[in-house]
Every structure is written in C-alpha cells, then in structure tokens.
Amino acid sequence: MKMLLLLLLLTGKSHCADSTIVYICDSPGAKKYHLRENCKGLHNCQHRVIKMTLEQAKRKGRTLCALEK
Ligand SMILES: [Zn+2]
C-alpha cells in the first residue's frame, strides 16, 4: 500500500508544469524567460540563447517575458 502511494507521488512529479522547457538569454543583464524560442524578446539577445526548465529559470530569479502574454 505504501509502495503504491510512493509510485503515485513520483509519477505525479513528472507531470509538473515546472518541467516545461523555456528559453533564456545567457546575459548577466537578462531577467526574463521565454516560452517560445522565436520570441521577439530574444531577438535582442547579444549572447547565447539557452534552454532550461521553467523551474531552473525561476530559481535564477527570471520572470516571464511580457511579450508572452
Ligand atoms: Zn519572450
């Protein structure tokens, strides 16, 4: 019974929304994350555009790009 509960918790985690892939500009001044790789906000990026999970982006203190709404 305990095993089943543990399994449910683990599988539930993999469906977490924070594992969504987001795009950020790898610049020290950038504060946003982007949901689309071709977002206009990323066109201004003078550095590399890197991919990460939403959770990682939030941990870096990034907030959602205003152009995504
Ligand atoms: Zn954006």
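The analysis underlying the following values was restricted to heavy atoms, covering all of them including side chains, and did not include hydrogens, waters or symmetry mates. All ligand and atom numbering here is 1-based and tracks the order in the structure. This is a predicted model, so every value here is computed, not measured.
Tyr23 approaches Arg36 most closely through the heavy-atom pair CD1-C, 3.7 Å. His47 and Pro28 get closest at one heavy-atom pair: CE1-CD, 4.2 Å. For Arg62 against Lys32, the heavy-atom pair with the smallest separation is NH1-O, 3.0 Å.
Hydrophobic clustering places Leu35 together with Ile24 (ILVMFWY residues linked when any side-chain heavy atoms are closer than 4.5 Å, directly or through intermediates). Residues Leu67 and Val22 do not share a hydrophobic cluster, clusters being chains of Ile/Leu/Val/Met/Phe/Trp/Tyr side chains in contact below 4.5 Å.
Counting only protein atoms, the N, O or S atoms lying less than 2.8 Å from the Zn ion (ligand 1) are His34 ND1, Cys39 SG, Cys65 SG, Glu68 OE2, ordered by chain and residue number.
Cys65-Cys39 SG separation is not under 2.5 Å; the pair is not scored as a disulfide.
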